[in-house]
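For reference, the structure discussed in these notes is given below.
Note that these values count all heavy atoms, side chains included, but never hydrogens, waters or copies made by symmetry.
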Amino acid sequence: MANEKSIDRMEKIVALCRRRGFIFGSSEIYGGINGFWDYGPLGCELKRNIKDAWWNDMVRNPPMPSADRFPKLAGREFQMVGVDCSIIMNSKVWVASGHVGGFQDPMVVCKVEGCKRLFRADKVYQVGFLNADVLTSMPAAYSKLQDQSISAQARIDVQAQLSISNVIPQLTLTVEADSREQAEQVEPSASQLKRHFGNATIAKVAFPLNNHPPHWPAAVCPNCLNGTLSDPLEFNLMFESNTGALKDSTSKVYLRPETAQGIFANFQNVYDTSRVKIPFGIAQIGKAFRNEINPRNYTFRSREFEQMEIEFFCHPDESMLWYEFWREARINWYKSLGIASDKLRPREQGKEELAHYSSACTDIEYMFPFSDEPQELEGVAHRGSFDLNQHGKFAKGKDDAFAIFDDEAWERDKHLFEQSRDREGAPLGRESAGTASPTSSQRETAGSSGAGDRAKEARSKPPYRYVPHVIEPSAGADRFTLAVLTEAYSYDESRASPEFLKFHPRLAPIKAAVFPLVAKDGLPEIAMPIYEAIRKVFPAQYDAKQSIGKRYARMDEAGTPFCFTIDGQTKVDGTVTVRNRDDASQMRIDKPRVVEFLREQLRI
RNA sequence: GCGGGUGUAGCUCAAUGGUAGAGUACCAGCCUUCCAAGCUGGUUGUUGCGCGUUCGAAUCGCGUCACCCGCUCCA
C-alpha cells in the first residue's frame, strides 16, 4: 500500500500529464475504455524519444562487454539487427509458444471476503451424493454408473444425461482434483452420511466446475469451506479477431501478446539473409496486447502496450555470461537516462518463480509512487533454447530444426576429428577463446570409429551444431515512459512555478523555447530567426504571449530544459538570456552561439 | 471478479428538489524589459451515460460506464 504522500504525488503527475497533453484516456468522449491510453502531443514526443534512444543504444550502437566486468566476453564482436513484424501471425505460432491453451482456463473464485481464492475451474470438482432411490427414474443410467467397466466416454455421457435431468444431489462436496476419478474418491463424513442418507445406498457423481449441472447448488470453497464459488470466469488473456470476411474457427487469429514470437519465427530468415553470426541479437519495437484481468495504476498495466524487445542468440556454453552482460547493460541504460539508482531495483527471480522455459530471470523494477513495492520495468530472461525448439517442433517437426552449424569453430577444430586418437589431448581452439569444446565423451566417440564417421558425428552435435540459447531483455516502452515521467516530476514551493518536469535532455519532448521578452520594440523580429534556426536541429517552440514568468512556467511543466529570451540588450550587444529549467538560473550567450550551446548542453 | 470511494467548464471546486456558478486556465486587446503581475472583453457544460420517481432532478432511486484505493490476477 503506497502512503498518502506518494499517492498524492501520483495524482499530481496524472493531472499534469492530462493538463499538458502527455497522456489522455482512450475514447474519453465516449466515456473511456478501461486499460487503453492515448499519448498527446508532448507524450508522443517523449515516448518517441525513449524508443529512439533504445533503438540507437541497443541496435545501432549496442553496448560492449568491458574487459574488467566480463573478461571472457571482452572484445567479442556481436551484431544487433532489427525487425518489424506484423501484429497478427499464423495462429499456430501461439500454439507453439504455449500462449494458446496454456492460459485460457476458466477460473472460479470464492465469494467470501477474506478468502477470495481463485481456482482453475477444471481442477475443482463438485461431487454429488445421491440417494440411489432418487435415480429410479433413470435406472439404466444409474446402473451404468455403478458399472466400473464402462468406457470413460460412456461414463461421461451418462453423467451428461444426469446433468440435464432434474436430479439434485442431497449432498455435494467440492474438492480440488486432477481427475474425475481422483475427485470421486472423496467420502462424506459419517455424520453427513447419517444426516442425509441414513442407511440408504448412495451413488456418486462428479463434475468439474467448468461443466457442472446448472441446477446443482453452488459449490462450496474447498479452501475456506465457507463461501460459495462463482460461476466459471473466462480468463482469456489474448485478444481474438478473424481474418477474411467469413468468421469461423479456421479464421480465428490473435493479436500478439508479445513481440518476441515474431523474432523467433523470423530467426532463420534473419540468419540466412543478414550475414549475422552467433552471438547476435534481433530487436523489435512494437505494440502487444494482453487482455489483463484488471488494468490498474495509470498506464502501468494497459491492455495495449508497446514493447522494446531483444532476443539475443548465443552459444549455450556462453549463455549465462551473456545473460549477466545484458542484465548489467540494461540497468546501466536506465541510469544513463536519469533514472535514480536507488529507485531502480534489479531482482533475480527465485527458482520457484521462474517460468518452465526459463533458467534465470531478472526483473528490473522501479519504485513508482503508486506502490510501496517496486514494479517491473523490464525482464531480462534466460530462455534457453525453448522458443527455437518449440517452433522447430511445431513448424518443422523436429526440436532442433533451427540448430545452426558453427563453421568457424569447425574449421579450427576439424583436424582433431580427422586424425587418430593420439591427438585427443591436444588443446582445442574454442576452449582457449573461453567457449565450448567437445566433451570427453564426444572425443571418445570420435576416436572409436573411422575418421570420416567421427567428423560427421562431431559435426552433428554441440558445440559445432546446436540450437542457440536466447537471452531476452524485454522492456515496456509505456512503463518506462511512465517511470521517466514520475522520475522527472519535481515540486518546489519556492519557485513561481512549483511543478516542473526534470527530464533528461535527451528525452525532453521540447529541447528549447525562444521568447521575445516583450512582443514589441522589434524583439519578435530578432527572436523568430533564432527559433527557426534551432527548429532545424531540435524540437523547439516560440512563444510571445503573456508575461515572461508564465511562459517560463509553461515550459517548466513541459520539461523544456532551456529557454532563450531576447531583450533590449540583445539589440545592443547581440547576447540573449539562457534560462535553465532545473534551477531557474540565467546566463547570457552570444546570439550566434545558440544552436552550438544547445548541442553542447544536450550532448546529442 | 469482490469491497470501498469519486464523476458538474481544460483544471480545482460551488450550487435547500426550483434560472448551472466562481476561481483558474485558455483566447483577443491594452499594459508590461526576466519568473504563473495588472486592466478590459471573450470562448468553454447533453452536470459521465441510461432508465425511473416528480409539476420540476446536478441533487432522490435503480442500472451502467469510467477513474481512484484495497483485495485478487497478471504466461
Side-chain angles (χ1 to χ4, degrees), chain A residues 1-4 7-8 10-12 14-16 18-21 24-37 40 94 97-119 227 229-235 237-238 257-258 260-261 290-298 300-303 354-358 370-371 375-376 379 381 386 494-500 515-521 523 545-557 563-571 576-579 581 584-586 588:
Chain A
M1 176 192 342
N3 64 41
E4 228 169 89
I7 286 170
D8 183 54
M10 192 67 208
E11 280 172 4
K12 284 202 164 86
V14 172
L16 176 59
R18 155 135 196 86
R19 187 169 72 244
R20 290 309 308 266
F24 307 117
S26 169
S27 323
E28 267 180 359
I29 60 166
Y30 288 104
I33 176 170
N34 198 356
F36 298 88
W37 300 91
W94 309 111
S97 70
H99 290 86
V100 172
F103 232 81
Q104 288 187 318
D105 311 305
M107 308 285 276
V108 291
V109 61
C110 175
K111 292 178 183 171
V112 159
E113 199 66 41
C115 179
K116 290 292 180 187
R117 180 139 165 215
L118 275 164
F119 304 90
L229 297 174
S230 70
D231 288 335
L233 314 164
E234 290 285 343
F235 285 90
L237 296 193
M238 276 202 290
E258 61 176 28
Q261 298 304 325
R290 294 182 195 180
N291 201 1
E292 297 288 353
I293 297 164
N294 194 351
R296 212 35 100 70
N297 291 330
Y298 202 30
F300 183 81
R301 177 166 298 127
S302 304
R303 291 186 164 130
L354 291 171
H356 61 282
Y357 51 75
S358 183
F370 56 73
S371 173
Q375 305 285 324
E376 183 181 351
F386 174 81
S494 70
R495 289 165 64 119
S497 49
E499 280 185 304
F500 61 112
F515 306 145
L517 185 58
V518 290
K520 62 173 190 179
D521 301 339
L523 300 186
K545 301 287 173 63
Q546 297 175 317
S547 75
I548 190 70
K550 203 169 263 192
R551 283 178 272 166
Y552 285 144
R554 279 198 282 248
M555 283 301 142
D556 283 345
E557 278 189 345
C563 296
F564 298 99
T565 302
I566 285 71
D567 58 13
Q569 199 181 330
T570 308
K571 291 200 285 189
V576 301
T577 303
V578 188
R579 186 265 194 184
R581 172 198 66 197
S585 66
Q586 297 190 353
R588 296 195 76 92

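In the set B:A75, B:C35, B:U33, B:A75 carries the atom at the smallest distance from any side-chain atom of A:P257. Minimum atom distance to the side chain of A:L517 is reached by B:U33, of the listed B:A37, B:U33, B:C67. For A:K520, whose side chain is taken as the heavy atoms from C-beta onward, the closest listed nucleotide among B:A36, B:A75, B:U32 is B:U32. Listed nucleotides B:C35, B:A37, B:C69 differ in distance to A:R579; the shortest reach to its side chain belongs to B:C35. Closest to the side chain of A:N34, out of B:A28, B:A66, B:C34, is B:A66. For A:K550, whose side chain is taken as the heavy atoms from C-beta onward, the closest listed nucleotide among B:A36, B:C35, B:C69 is B:A36.
Base-pair partner of B:G45: not found among the strands shown (Watson-Crick or G-U wobble, both distances under 3.5 Å). Under the Watson-Crick or G-U wobble criterion, with both distances below 3.5 Å, B:C13 is paired with B:G21. Across all strands shown, B:C51 forms a Watson-Crick or G-U wobble pair, both distances under 3.5 Å, with B:G61. Base pairing annotation: B:G29 forms a Watson-Crick or G-U wobble pair with B:C39, both donor-acceptor distances under 3.5 Å.
Residue contacts for A:E557: at a heavy-atom cut-off of 4.0 Å it reaches a base atom on one of the strands shown. Residue contacts for A:Y298: at a heavy-atom cut-off of 4.0 Å it reaches the sugar-phosphate backbone alone, with no base atom in range. As judged by a 4.0 angstrom heavy-atom cut-off over every strand, A:D567 is placed among the base-contacting residues. Within the 4.0 angstrom heavy-atom criterion, only backbone atoms of the sugar-phosphate kind lie near A:Q546; the bases stay farther away. When heavy atoms are screened at a 4.0 angstrom cut-off, A:D556 is found touching no nucleic acid atom at all. Nucleic acid contact for A:G40: none, since no nucleic acid atom lies under 4.0 Å from a heavy atom of the residue.
Nearer to the 5' terminus of RNA chain B, by closest-nucleotide assignment, is the contact made by A:R495 (compared with the other of A:R296 and A:R495). Mapping A:G549 and A:G35 onto RNA chain B by nearest heavy atom places A:G549 closer to the 5' end of the strand.
For B:A22 and B:G17, the C1' atoms lie 23 Å apart once the distance is rounded to whole Å. Using P as the reference atom, B:A9 and B:G45 are 10 Å apart when rounded to the nearest Å. Annotation: B:A20 and B:C62 have their C1' atoms spaced 25 Å apart (nearest Å). When the P atom is used for both B:G63 and B:G1, the distance is 16 Å, rounded to whole Å. Comparing B:A58 with B:G41, their C1' atoms sit 30 Å apart, to the nearest whole Å. When the C1' atom is used for both B:C60 and B:G70, the distance is 29 Å, rounded to whole Å. Separation of the C1' atoms belonging to B:U47 and B:G42 is 23 Å when rounded to the nearest angstrom. Nucleotides B:U46 and B:G10, compared at atom P, are 8 Å apart to the nearest Å.
Contact annotation: A:K545 does not reach the phosphate of B:C26 (side-chain N/O to OP1 or OP2, under 4.0 Å).
Two rings, from A:F370 and A:F300, have their centers less than 6.0 Å apart.
Using modelled atom types, one side-chain atom of A:R303 and one backbone atom of A:N34 make a donor-acceptor pair closer than 3.5 Å.
Following rounding to the nearest Å, A:R18 (CZ) and B:A25 (P) show an atom-to-atom distance of 18 Å.
Here the closest heavy-atom approach between residue A:R551 and residue A:P516 is recorded as NH1-O, 2.8 Å.
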